[in-house]
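Note sheet for the following structure.
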Amino acid sequence: MNAQIGKFSRLGFVLSATGAAVGLGNIWKFPYITGVYGGGAFVMVYLVTILLIGASLLIAEMVIGKRGQQDCVSNFETLSPDDSKRGWKYAGFTLFTGLVIMTFYSVVIGWIFYYIYLTFVGLPTSIDDAKAIFDQLYGHKPFLQIFFHLLSVLFVGGVLLGGIKKGIEKTNLILIPFLLFILLGLLMYAMNFDSFEKAVHFMFAPDFSKLSSEAIIRAVGHSFFTLSIGIGSIMTYAAALPKKAEIYKAGLMVAFMDTFIALIAGLVIFSFLFQFGGEPAKGPGLVFISLPVIFAKLGMTGTVVAFVFFLAMAFAGLTSAISLVEPSVMYLEDRLSWKRKKAVIWSSIVYFIVGVLVVFSISDGYKDWLTFGTKSLFDVLEFSVDSFLMPLGGILIAIFVGYVMKRDIVEGELLGHMGNTVFKIWYFSIRFIAPLAVLFLAYNAMKI
Ligand code: TRP
């Protein structure tokens, strides 16, 4: 562990891990997939998965990081109990999935920057306008997207240069309370609408006849993505915890905050939609097409609301983005002895360039070169993360903590805080439920 980049304080860690977990997944993706898959029943499956599988895996990742205190590859290597198991270090290479995610995640953060800019120059006032603006950006303005993608790369890189303490912790200590404040403010505003009750009903009254098997797979997959499981984000953060820190409560807190924020974002968005007549099942364009029109209808107040909403989304995205790149940076520093600056610059260059290709893969005039079968490079990368790389990372973590690491070491990190019964339930979940769930997820994802 590189001493100069520092260790987290307890609050710093909880907020930074919350920052990693709370991202576009919560504010953009969760509301729109809840809309697409019909509301309540989908939300129920999602909550159960978070509780039974997600939170356990999150804590398992923390155990590896906290105990290993190094980069992901070294953690798997040094925590393997004997030489014959040292091959486990290859599990650590799932850390590069973070850069793969960043190739499109950063592009989407760029779209948010563009919408923040639009709140100053004028939001679209009709659905047709809004569609046109989004389609223009998405399909026809590659260089504008690249410009905003670059801004996101620079911000994330700048934070990472500061290391754990002065970069990551400091940024999260500021942005996460801000994000919470904005979302709670929006919630209070939305609670005044008549439609608030309808939004609550839509999200929490389960209608199981609407629950397709695809909805279940999506709910399970999303619970992994939203908690940042499987690629070493949380593991890398936990590696910068002081030895005496305890991870059980931190893990629960992060899972709770992540779920809480997703639910608030959902309630806010659906209240606005039901109040001003939008369709819940609009898909990925929900926050980029339906919402801006509503905001524009509200005049000056709407513009302010739009600004803080997109700002909150940008904060959520950026704090997650930081956690996606840090595992690579720490690996390059620890294993290849690169200086932090060099590690940050090269990681950034790599995902910036592939991100540029991602942009071209959805842009008219270029996309033919970057389409594989029927899928654009954007889709190919997103698909391989969801259905292959993340489940792979998840299952490796579960097997490693459940079967490879010595039980007394695992107990040493948790038993004192969890107590016997909770520990047993958690251990059972890690050994049996989580691996089966991941297999189920990977198998079914391949069929979609
Ligand atoms: N959880 C974040 C979101 O909801 C994204 C993210 C950050 C992530 N780090 C991760 C996803 C690690 C998977 C693995 O947007």
Side-chain angles (χ1 to χ4, degrees), residues 15-34 46 49-50 53-55 57-58 60-62 64-65 72 92-109 111-112 152 156 159-160 168 171-172 175-176 179 183 218-238 254-255 257-266 284 287 312-330 347 351 381-397 438 441:
L15 287 187
S16 301
T18 302
V22 175
L24 304 179
N26 303 60
I27 304 184
W28 170 58
K29 200 160 177 192
F30 174 72
Y32 96 68
I33 52 179
T34 300
Y46 165 80
T49 328
I50 295 263
I53 308 161
L57 273 172
L58 184 76
E61 236 194 273
M62 288 185 181
I64 303 179
C72 301
F93 286 104
T94 45
L95 68 95
F96 286 116
T97 305
L99 294 187
V100 179
I101 298 178
M102 275 307 277
T103 62
F104 53 87
Y105 205 85
S106 171
V107 172
V108 179
I109 294 177
W111 299 348
I112 300 170
S152 137
V156 172
V159 172
L160 288 170
I168 299 176
T171 308
N172 281 287
L175 294 191
I176 295 302
L179 170 68
L183 283 175
R218 277 288 146 92
V220 177
H222 185 66
S223 69
F224 279 46
F225 186 82
T226 192
L227 288 179
S228 301
I229 291 169
I231 67 135
S233 279
I234 297 292
M235 190 189 298
T236 303
Y237 280 6
V254 172
M257 289 297 285
D258 185 73
T259 311
F260 181 66
I261 290 182
L263 296 177
I264 294 185
V287 298
M313 222 162 122
F315 287 174
L318 289 167
T319 49
S320 294
I322 294 165
S323 80
L324 286 163
V325 187
E326 173 66 13
S328 303
V329 171
M330 190 161 175
S347 306
Y351 79 78
L381 290 172
E382 195 183 2
F383 182 80
S384 44
V385 168
D386 278 3
S387 51
F388 177 64
L389 293 168
M390 260 181 28
L392 176 71
I395 206 160
L396 290 172
I397 288 166
V438 178
L441 179 68

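In listed order, ligands and their atoms are each counted from 1. Since we're looking at a predicted model, the values are computed, not measured. Note that the numbering runs from 1 along the sequence shown for the chain.
Taking all atoms of both residues into account, the shortest heavy-atom contact from A20 to I234 is CB-CD1, 4.3 Å. Nearest heavy-atom pair across I229 and L58 is CD1-N, 4.1 Å.
Closer than 4.0 angstrom to ligand 1 lie heavy atoms from A20, A21, G23, L24, G25, N26, I101, Y105, F225, T226, S228, I229, I231, S233, S320, S323, L324, M390.
Taking the six-membered ring for Trp and thresholds of 30 and 60 degrees, Y105 and F225 have ring planes inclined between 30 and 60 degrees apart.
Qualifying side-chain hydrogen bond (donor to acceptor under 3.5 Å, both in side chains) partners for T103, counting only residues two or more places apart in sequence or in other chains: none. Taking S152 as the reference, S106 meet the side-chain hydrogen bond (donor to acceptor under 3.5 Å, both in side chains) condition, with sequence neighbours excluded.
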Scan the side chains in residues 383-392 for donor-acceptor partners under 3.5 Å anywhere in the protein, sequence neighbours excluded, and list what turns up.
unit_1 : atom_1 : unit_2 : atom_2 : d
S384   : OG     : V380   : O      : 2.9
S384   : OG     : L381   : O      : 3.0
S387   : OG     : F383   : O      : 2.6

